Every structure is written in C-alpha cells, then in structure tokens.
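Small disclaimer: the values here were computed from a predicted structure and weren't measured.
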Amino acid sequence: MNRSTIFLRGAGGFSDSSRPYSYTTYPANQISRISIPNSAPSAVYEDQTQQSQALLYRLSGDYNPLHSDPMVAQVAGFTRPILHGLCTLGFAARAVIKSFCNGDPAAVRNIFGRFLLHVYPGETLVTEMWVDGQRVQYQTKAKERDRAVLSGYVLLKHIPSSLSSGADNGGGRL
C-alpha cells in the first residue's frame with residue numbers, strides 16, 4: 001500500500017467536503033506510530049547529498065519545479081530548491097542496509113517513513129538507528145541545521161547473526 005499526502009503551504013479553501021487530515025481521525029490499524037528511543041542509537045550513519053542530487057531525480061521523470069527552479073522554491077516558501085522526499089527516504093534506507101544488512105537490500109521486508117522537514121541538496125544526512133528485534137527504528141537529521149527531517153522504521157526479514165549484538169563498524173558508521 002502506498003499512501004501520500006500533498007501539502008501546499010499557505011493554500012486552502014478548495015472545498016468544504018472533508019475535515020483536515022489528522023492521525024486522530026484515521027483508523028488505528030492503519031497508523032504506524034514512531035517514537036524515538038531515549039537511549040543511545042545502535043548505529044549512526046552519515047552521508048552527504050550532492051548539490052545536483054535533485055536534478056538527477058528529474059532524469060527519472062520527476063519534473064516538479066520545486067526541486068529545480070529557485071523561483072518556484074521561493075514562492076513555495078523555501079530559500080532554494082529542495083530534495084525529493086523519496087531521495088531522503090532512500091538515504092535513510094541505505095543507512096539501515098549498510099549498518100544492519102551487510103549491504104544486502106533483499107534483507108528488507110518493509111520501509112516506513114514520516115517526513116518531518118525538507119532537505120536541501122548538498123546537506124549532510126545523519127541517520128540514527130535503534131534495533132528492536134527485526135525492526136530498525138531510525139531518525140534522519142540534516143546535520144547543518146541540526147533538525148530531524150525524517151523518522152520511521154525498516155522491518156527486516158532477518159538480522160545477520162554477526163550483527164545481532166551490534167551494528168557493522170564499516171561504511172559510514174560513526
């Protein structure tokens with residue numbers, strides 16, 4: 001199932017047919033609540049996005065000018081074009097795969113993410129991860145602004161036995 005919501009900053013009043021979206025009015029069995037643990041993360045992975053990252057997504061068919069046109073981004077309330085949410089989610093999923101799956105994406109069963117804030121191309125993404133059985137909860141922050149931009153979890157088919165007591169020490173682990 002894929003569910004998406006589009007936010008138009010400052011827009012509204014299009015109809016009176018429905019109440020605003022709220023998790024409080026959504027069926028409880030269709031909501032994944034994320035609470036970030038107070039404990040130290042099991043692993044931390046840092047990766048830098050490229051200045052041209054959003055333009056690369058245009059090559060795959062996403063022509064939304066919010067990601068490429070500075071004037072459109074400014075009208076939408078941003079100082080410059082922003083990175084695609086799917087790209088940010090990909091960085092978080094890659095952090096989990098590299099830290100807990102020996103780099104094997106086939107170990108992933110399910111990915112959930114809740115977008116909290118925009119990311120600017122060129123920012124460094126720091127993903128903190130906590131292992132809870134086969135579920136890896138994560139929070140991704142934009143390092144330069146020290147702000148959480150994404151949180152969620154990755155449900156794994158299994159965690160390799162060599163990693164069950166801790167995270168991989170290679171790659172981008174801090």
Side-chain angles (χ1 to χ4, degrees), residues 1-15 17-23 26 30-34 36 41 43-101 103-129 136-155 171-174:
M1 174 179 22
N2 186 10
R3 178 176 299 131
S4 66
T5 303
I6 297 174
F7 296 95
L8 301 172
R9 293 173 142 202
F14 295 106
S15 72
S17 63
S18 64
R19 298 184 325 195
Y21 175 84
S22 170
Y23 276 110
Y26 217 75
Q30 294 185 22
I31 298 174
S32 294
R33 300 202 187 275
I34 300 297
I36 301 303
V44 177
Y45 192 89
E46 184 173 309
D47 207 353
Q48 173 120 20
T49 65
Q50 300 300 310
Q51 287 290 341
S52 62
Q53 199 92 42
L55 298 177
L56 293 173
Y57 268 69
R58 289 180 68 83
L59 296 174
S60 64
D62 187 327
Y63 301 112
N64 184 342
L66 181 61
H67 305 296
S68 61
D69 188 329
M71 292 180 68
V72 171
Q74 194 169 34
V75 167
F78 300 103
T79 59
R80 60 188 190 267
I82 63 172
L83 194 60
H84 300 69
L86 185 58
C87 183
T88 304
L89 182 63
F91 270 80
R94 181 170 60 188
V96 172
I97 291 166
K98 286 190 173 204
S99 297
F100 298 102
C101 304
D104 180 12
V108 173
R109 176 176 290 159
N110 189 359
I111 299 172
F112 173 82
R114 185 169 186 192
F115 299 98
L116 306 172
L117 194 64
H118 59 280
V119 173
Y120 292 113
E123 286 189 308
T124 305
L125 297 178
V126 178
T127 301
E128 302 168 322
M129 298 160 277
V136 178
Q137 290 188 197
Y138 67 85
Q139 175 175 263
T140 301
K141 294 180 181 178
K143 183 178 183 177
E144 292 78 3
R145 292 179 287 146
D146 192 30
R147 300 282 307 272
V149 297
L150 177 66
S151 66
Y153 64 85
V154 175
L155 185 59
R173 181 163 157 63
L174 298 176

Quiz item: Going by heavy atoms in the side chains, are Val108 and Ile97 under 4.5 Å from each other?
Solution: yes

Quiz item: Any side-chain heavy atom of Thr124 sitting closer than 4.5 Å to one from Glu144?
Solution: yes

Quiz item: Would you find a donor on one side and an acceptor on the other, under 3.5 Å apart, between the side chain of Gln53 and the backbone of Gln50?
Solution: yes

Exercise. To the nearest 0.5 angstrom, please state how far the CZ atom of Arg94 sits from the OH atom of Tyr45.
Key: 6.0 Å

Quiz prompt | Cys87 SG to Ile82 CD1 distance, which is reported to the nearest 0.5 Å | solution = 11.5 Å

Quiz item: Where do Phe78 and Tyr120 land on the side chain to side chain contact (heavy atoms under 4.5 Å, CB included) test, with the steps shown first?
Solution: CA-CA 9 Å; Phe78 300 103; Tyr120 292 113; 4.1 Å; yes

Quiz prompt | Thr140, Val44, Val96 screened by side chain to side chain contact (heavy atoms under 4.5 Å, CB included) with Met129, the one that passes | solution = Val96

Quiz prompt | Rounded distance [0.5 Å steps], OG in Ser151 versus CD1 in Ile36 | solution = 5.0 Å

Quiz prompt | Contact summary for Pro121 and Arg80, nearest pair of heavy atoms | solution = O-NH2, 4.4 Å

Practice problem: Just do the side chain to side chain contact (heavy atoms under 4.5 Å, CB included) check on Arg147 and Lys141 with the steps written out, would you? | Solution: CA-CA 5 Å; Arg147 300 282 307 272; Lys141 294 180 181 178; over 6 Å; no

Quiz item: Listed by chain and number, what are the ring pair (Phe, Tyr, Trp, His ring centres under 6.0 Å) partners of His84, not counting sequence neighbours?
Solution: Tyr57, His67

Practice problem: With the side chain counted from C-beta on, respond yes when Thr88 and Leu150 share a heavy-atom pair under 4.5 Å apart, and no when they do not. | Solution: yes

Quiz prompt | For the student: nearest non-hydrogen atoms of Phe115 and Gly85, plus distance | solution = CE2-O, 3.1 Å

Quiz item: Looking at side-chain heavy atoms only, is the closest gap between Pro81 and Pro70 below 4.5 Å?
Solution: yes

Self-check item: Heavy-atom closest contact (Ala76 atom, Leu66 atom, distance)
Solution: CB-CD1, 3.7 Å

Quiz prompt | Over all atoms of both residues, closest heavy-atom pair of Ala93 and Ile111 | solution = CB-CD1, 3.9 Å

Quiz item: Rounded to the nearest 0.5 Å, how far does OG1 of Thr127 lie from OH of Tyr138?
Solution: 8.5 Å

Quiz item: Counting distance only, does the side-chain N/O of Gln48 pair as donor-acceptor with the main-chain N or O of Gly122 below 3.5 Å?
Solution: yes

Quiz prompt | Ion pair check, Arg145 and Glu123, cut-off under 4.0 Å | solution = yes

Self-check item: Beyond-backbone contact of Thr49 with Leu125, side-chain heavy atoms, under 4.5 angstrom
Solution: yes

Exercise. Evaluate side chain to side chain contact (heavy atoms under 4.5 Å, CB included) for Leu155 paired with Phe112, printing each intermediate quantity in order.
Key: CA-CA 8 Å; Leu155 185 59; Phe112 173 82; over 6 Å; no

